[in-house]
Amino acid sequence: MKRTHNCGQLTAADVGKQVVLFGWVQNRRDHGGAVFIDLRDREGLTQVVFEPDIDAEAHGQAGALRLEFCIGIQGTVASRGANINPKMKTGEIEVRATALTIFNRSEPVPFPIEDAVDTTEEKRLAFRYLDLRRRPLQAMLTQRSRVNTLTRQYLVDTGFLELETPFLGRYTPGGARNFLVPSRTNPGKFYALAESPQLYKQLFMVGGFDRYFQIVKCFRDEGVRVDRQPEFTQVDLEMSFVAQEDVFGVVEGLLQKVWKEVLGVEVKTPFRRLPFDESMRRFGNDKPDMRFGLEHVELTQLVKARGPDGGVPMLWEAVEQGGMVKAMVLPAAQALSRAESDKLEEFAKGSGARGLARAKLGESGEWTQSPLSKTISAELRVAINQACGAKPGDLLLFQFGREALVQTVMANLRVHLAKKLGLIPEVGSGGRWEFLWVVDPPLFEWDEESRRWVAAHHAFTRPHDEDLPFLKTEPGRVKCHRYDVVLNGFEIGGGSIRLHDPKVQSEVFSALGIPEAEAREKFGFLLDALKFGAPPHGGIALGMDRLVMLATGADSLRDVIPFPKTKTGADLMTGAPGDVDPSQLEELHVRIVHPPKG
RNA sequence: GGGGAGUUAGUUCAGCUGGUUAGAACGCCGGCCUGUCACGCCGGAGGUCACGGGUUCAAGUCCCGUACUCCUCGCCA
């Protein structure tokens with residue numbers, strides 16, 4: 001038997017044809033004298049009928065069929081006459097089977113192979129090969145394949161070369177934690193699995209391959225999340241002789257093409273550009289979801305200007321200690337019940353907040369239901385109302401204290417409220433795709449723990465030329481040519497224009513307090529490379545998994561990765577990571593020290 | 001690493017205030033059935049109540065611990 005059609009293909013136009021279909025038994029309805037089978041392959045479902053009058057032998061065998069048997073059938077396409085099933089794509093026809101081959105029987109499956117998930121994630125992952133038979137996963141992985149193909153086509157057509165870089169590299173400090181691989185032939189030494197091809201791709205530029213790309217696995221030993229896996233895929237690219245806008249153009253063109261070909265959606269370019277500072281001020285993070293409002297209002301200066309006279313010791317203390325005060329307005333139309341407000345406070349605490357101060361505006365702008373209302377000066381209250389644009393009936397939500405915490409809590413609160421209040425248009429029903437670039441972030445961040453400036457991204461990002469004088473005097477003021485592309489609240493890619501000038505590079509190292517010798521020890525090969533006529537260059541890496549997750553509407557990265565890992569980094573199907581034989585460890589010159597229990 | 005939720009038949013779940021032999025549906029096994037498409041009907045098998053302690057005359061149920069899964073914060077240049 002040779003397959004002639006797939007199970008999603010046959011229509012009324014095929015009636016009378018002799019066909020051969022292969023697939024799995026999705027369902028059986030055995031009437032004794034007539035056996036109906038829904039046969040499934042990755043393209044769809046087709047009803048197959050076995051009757052003694054059609055073929056006695058095939059009918060005899062069909063009684064033994066059970067769910068998920070893998071079979072092949074031969075037969076004639078027939079109209080279902082009055083019995084058409086409008087719910088099925090192939091519902092007008094059926095195949096009247098003249099022969100049946102059972103390729104393989106199936107034991108009862110641990111969960112039903114149906115569109116709707118009705119089992120635990122644990123079981124799905126342990127029997128991933130069965131989970132993959134489900135239609136939604138087949139559809140999402142099919143889309144993923146198309147995105148891959150389109151990406152390659154587009155980048156090759158745009159003059160990029162697809163080049164490969166090593167996974168086994170040298171450990172370099174900073175950034176994400178690496179997976180380490182012991183070297184058998186070099187006792188006591190380790191490779192690091194590449195967290196990204198960052199350094200290599202810059203070396204491609206020095207090597208003269210002025211447009212490089214790669215669809216590549218990256219490895220990071222950090223916490224696993226809904227949108228993070230220990231191994232994931234990037235569309236990585238780098239270009240020589242370019243400015244930021246050139247990189248934007250390539251990425252916008254790519255995303256535009258993918259959205260059009262895969263989703264049939266016209267994405268407008270250029271994308272909106274949002275300065276990092278503005279994003280933090282209005283949304284509390286650098287990956288804002290622009291599909292709804294609920295913007296933040298920063299009140300730090302207002303409170304600071306009035307000093308202790310503002311009348312609210314909690315707020316004054318927050319700013320006095322260098323903290324931040326922010327508010328969000330919940331319009332009267334979206335009023336929350338007391339119980340809902342309390343739940344909101346619980347949510348805020350879940351993000352690390354100590355509490356969630358609230359104030360409801362009365363008819364003349366007075367505050368009620370608020371711990372702040374008792375002592376606040378009328379003057380500060382009016383100023384805050386005005387800054388927030390708050391009207392009677394509106395609810396103000398406050399956070400104050402350490403800046404990073406206020407931002408995190410307020411950013412989470414904004415998204416949480418939007419979901420709760422239904423402010424986010426669902427994709428598919430008039431939904432929106434809000435692409436944007438977040439640009440001009442600071443080059444350095446102040447690290448409280450080590451009491452020094454650290455690279456906000458990496459130490460090879462090019463500062464803005466006009467900020468170069470501040471490298472020595474005010475490092476916090478230096479902005480850089482780094483950019484993130486954001487879609488509906490997810491960072492889907494990030495990159496930068498790199499430093500190619502060794503002189504500026506050494507100034508950056510010195511601002512970071514990294515001595516020349518240490519820089520040489522860690523990044524010597526890159527610093528050397530920059531000395532031999534390195535071209536100006538820059539690039540970006542897109543998170544392929546996130547991209548596909550968003551494009552397919554998947555709830556989790558795990559749904560667009562064929563064989564994902566759990567939160568603890570385990571593969572429940574293979575049992576990785578697993579034990580190894582002591583002799584293997586000996587060969588690797590590695591000894592295990594178990595952590596103390598408890 | 002912190003916080004939260006969960007774990008009962010192959011699967012999804014129920015199981016009250018601790019009390020006789022832990023139930024249902026689907027699946028599985030056997031039988032019947034020629035127009036079903038969640039086919040129907042009759043019968044049957046199937047349980048270390050995640051694991052380990054404890055309280056009690058008695059624990060699926062209460063307490064402590066462990067494992068695993070998910071959510072969330074930290075972390076993720």
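Remember, it's a predicted structure, so these values are computed and weren't measured experimentally. A, B, ... follow the sequence lines: proteins, then strands. Residue 1 opens every chain.
Using a 4.0 Å heavy-atom distance criterion, A:Ser196 is classed as a base contact. Residue A:Thr461 is out of contact with every strand shown, counting any heavy-atom pair closer than 4.0 Å.
The distance between atom CG of A:Asn285 and atom P of B:rC76, rounded to the nearest whole Å, is 16 Å. Atom CD in A:Gln198 sits roughly 17 Å away from atom P in B:rC76 (whole-Å rounding). Distance A:Asp38 CG to B:rC39 C1': 11 Å, rounded to the nearest Å. The nearest whole Å value for the distance from the CZ atom in A:Arg29 to the P atom in B:rC32 is 21 Å. One atom, NZ of A:Lys287, and another, P of B:rC76, lie 13 Å apart when rounded to the nearest Å. One interatomic measurement links the two molecules: CE of A:Met410 to P of B:rC73, which rounds to 16 Å at whole-angstrom precision. Across the protein-nucleic acid pair, A:Phe36 atom CZ and B:rA38 atom P stand 13 Å apart, rounded to whole Å. Counting to the nearest Å, the C1' atom of B:rC73 and the NZ atom of A:Lys349 are 15 Å from each other.
Considering only side-chain N and O atoms, A:Arg28 lies nowhere under 4.0 angstrom from the phosphate OP1 or OP2 of B:rG40. Phosphate contact (OP1/OP2 of B:rC71, side-chain N/O of A:Arg225, threshold under 4.0 Å): absent. For B:rU69, the OP1/OP2 oxygens have no side-chain nitrogen or oxygen of A:Lys123 closer than 4.0 Å. The side chain of A:Arg66 contributes an N or O atom lying less than 4.0 Å from OP1 or OP2 of B:rC29. Distances shorter than 4.0 Å separate some side-chain N or O of A:Thr566 from OP1 or OP2 on B:rU69. Contact check, A:Asn27 against B:rC39: a side-chain N or O comes under 4.0 Å of OP1 or OP2. For the OP1/OP2 pair of B:rG74 and a distance below 4.0 Å, the side-chain nitrogens and oxygens of A:Thr408 include at least one atom meeting the criterion.
Taking the 5.5 Å centre cut-off and the 30° plane limit, the aromatic side chain of A:His31 is classed as stacked on B:rC39.
With no hydrogens or angles considered, no side-chain donor-acceptor pair links A:Arg96 and A:Thr98 at under 3.5 Å.
Atom CZ of A:Arg80 has more than 12 neighbouring heavy atoms from other residues, nucleotides or ligands inside a 6.0 Å radius.
Aromatic pair A:Phe190/A:Tyr171: centroids not less than 6.0 angstrom apart.
Every residue was checked against the salt bridge (Lys or Arg N to Asp or Glu O under 4.0 Å) condition with A:Arg414, not counting sequence neighbours, and none meets it.
Seen from the ring of A:Phe470, A:Arg477 counts as a face-on cation partner, given the 6.0 Å and 45° thresholds.
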